[in-house]
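First comes the structure, then the notes that go with it.
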Amino acid sequence: MRSEFVPNDVKHRPAEVSHLSDILRPVTKGNRPEPSFLYGPSGAGKTCIARHTLEQLQQNVVDLNTQYVNCWEEHTGFQTLYHVLDAVGNTHDIHRRSTPTDELLQRLREYDGPQYIVILDEVDQLEDKEILYDFHRIQNLSMILIANREEDVFSDFDGRLSSRLQTCIRIRFNQYDLDQLVTILEDRVQWGLEQGAIETEGLERIADHAAGDARVAIGLLRNAARQAAQQQTERISDDVIDAVVSETKTEIRQKTTDKLTPHQQVLYELITDTDHIGGGDLYDAYRNAVDNAKTRRTMRNYLAKLQQYNLITANGNTKNRTYSAQG
DNA sequence: GATCCACAGGAATCCTCGGGGT
DNA sequence: ACCCCGAGGATTCCTGTGGATC
């Protein structure tokens, strides 16, 4: 029931799966595939499809290295590079920080093993996107890039970078519709719940709350099941489902805010407490709220980060800009 | 329309941390 | 024990922008 669980049969996205498989097919002959870019809203199955396709591929191709890197967790170029290098060895002696980025890159350039496919998830969170250009030039290395919005990754590239990665094949993921979500949930029910614990109507109710986001849908099902178990009822009723909706949504939001620093969390809370707040007022409030407040400039950097994470939105520009919570 | 102000955000610089070499 | 190095964060410095005021 965990959201990372990859079902054996990904039947909900046949077109996307086969498209991605086609792109990756050259590795079966030892050739290098073109880089690909999966984009679309969260909970649309991008990560799931990428991992699944790669796993399938690995069963058919003897010589294949793969790696999954979440660029949110490894958001600097150095960290991402480290993890990419890690999967093909060569990192045992660089646990130290004092190894320069260039040396890691050099080792990767010297890589001459079998074809190597890297999934770079949430690549829009990668701070140093230049590194993608470096990856692209590594022989036998190909990338599957994943992000929510196309422009977050490709807009701020300089010309060189975007032209080099223009061959990148883009696959768009749309939100799941109600029926697809129900199918996904049925799958989980079969693996994780007693028969008859929940009927199709209940799943539809969950899918409706989830609004196209599979991660939310699965979270709802999980929490509803747990709640029902606590109440020692055998069926998951509509009331139970409705009761866990807000809990589940804050839980998912919590996962995002947990990754913020304490100062960033304070800022986020200040913004959620008001419906609109300007930069000056916000800084005053922030200074009152914490000891050792950072500078204004740093706060602006934090705000930019919160925007990137889609936690807040900025309205208007320069002087009259206000910030408000999103979602 | 000239000037001032409040703010955004880019670039350069400073600071800190952890680890290696001597 | 000491110094040095590199990464990454924070700060300082700076330029640009749009609204307000005269």
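Throughout, a chain's letter reflects where its sequence line sits, starting with A, and its residues are numbered from 1.
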It should be established whether Thr101(A) places a side-chain nitrogen or oxygen under 4.0 Å from OP1 or OP2 of nucleotide dA7(C). yes
Would you compute the distance between atom CD of Gln264(A) and atom OH of Tyr309(A) and round it to the nearest 0.5 angstrom? 6.5 Å
Interface residues of residues 257-295 of chain A with DNA chain B (non-hydrogen, below 4.0 angstrom): Gly280(A)
Over how many whole Å does the gap from Asn301(A) atom CG to dA11(B) atom P extend? 13 Å
Rounding to 10°, can you tell me the angle the first-five-pair axis of the helix from dG1(B)-dC22(C) to dT22(B)-dA1(C) makes with its last-five-pair axis? 20°
Mind calculating the distance between CD (Gln307(A)) and C1' (dA8(B)) to the nearest angstrom? 11 Å
Between dG20(B) atom P and Glu103(A) atom CD, what is the distance in whole Å? 13 Å
May I ask whether Ile144(A) and Ile169(A) are part of the same hydrophobic cluster, defined by side-chain heavy atoms of I, L, V, M, F, W, Y residues being less than 4.5 angstrom apart, directly or through others? yes
Spatial distance of atom CG (Leu203(A)) from atom CZ (Arg188(A)) [nearest 0.5 Å]: 12.5 Å
Give the intermediate values and the outcome of side chain to side chain donor-acceptor pair (under 3.5 Å) for residues His83(A) and Asn70(A). CA-CA 10 Å; His83(A) 280 84; Asn70(A) 186 314; over 6 Å; no
I need the CG-C1' distance between Leu81(A) and dG8(C), as an integer number of Å. 15 Å
Under 4.0 Å between a side-chain N or O of Tyr302(A) and OP1 or OP2 of dA10(C)? yes
Calculate the interatomic distance between Asp102(A) atom CG and dA7(C) atom C1'; express it in whole Å. 12 Å
Leu104(A) CG to dC5(C) C1', straight-line distance once rounded to whole Å: 15 Å
Around atom CD of Glu234(A), are there more than 12 heavy atoms of other residues, nucleotides or ligands at under 6.0 Å? no
Among dA8(B), dG6(C), dA10(C), the one nearest any side-chain atom of Pro100(A) is dG6(C)
Side chain of Thr298(A) only, heavy atoms from C-beta on: which candidate in dG8(C), dT11(C), dG9(C) is closest? dT11(C)
Lys/Arg cation over aromatic Phe173(A): Arg13(A), 6.0 Å, 45° cone: no
Check the distance between dG9(C)'s P and Glu127(A)'s CD and give it to me in whole angstrom. 6 Å
Is there a donor in the side chain of Glu127(A) and an acceptor in the side chain of His75(A), or the other way round, less than 3.5 Å apart? yes
Side chain to side chain contact (heavy atoms under 4.5 Å, CB included), paired with Tyr116(A), selected from Ile138(A), Val84(A), Leu64(A), Asp63(A): Val84(A)
Does the side chain of Val244(A) come within less than 4.5 Å of Arg222(A)'s, by heavy atoms? no
Are any of Tyr82(A)'s side-chain N or O atoms less than 4.0 Å away from OP1 or OP2 of dG6(C)? no
Charged N to carboxylate O under 4.0 angstrom, Asp121(A) versus Lys46(A)? no
Just wondering, are more than 12 heavy atoms of other shown residues or ligands nearer than 6.0 Å to CD in Gln230(A)? yes
Answer yes if Ile184(A) and Leu178(A) sit in the same cluster of Ile, Leu, Val, Met, Phe, Trp and Tyr residues linked by side chain heavy atoms under 4.5 Å apart, and no otherwise. no
Tell me the interatomic distance from Glu73(A), atom CD, to dG8(C), atom C1', rounded to whole angstroms. 18 Å
Each nucleotide in nucleotides 13-22 of chain C should get exactly one letter: B, S or -. Can you fill that in based on protein heavy atoms under 4.0 Å? ----BBS---
Counting the atoms with a prime plus P, OP1 and OP2 as sugar-phosphate, which does Arg296(A) contact under 4.0 Å by heavy atoms, base, sugar-phosphate, or nothing? nothing
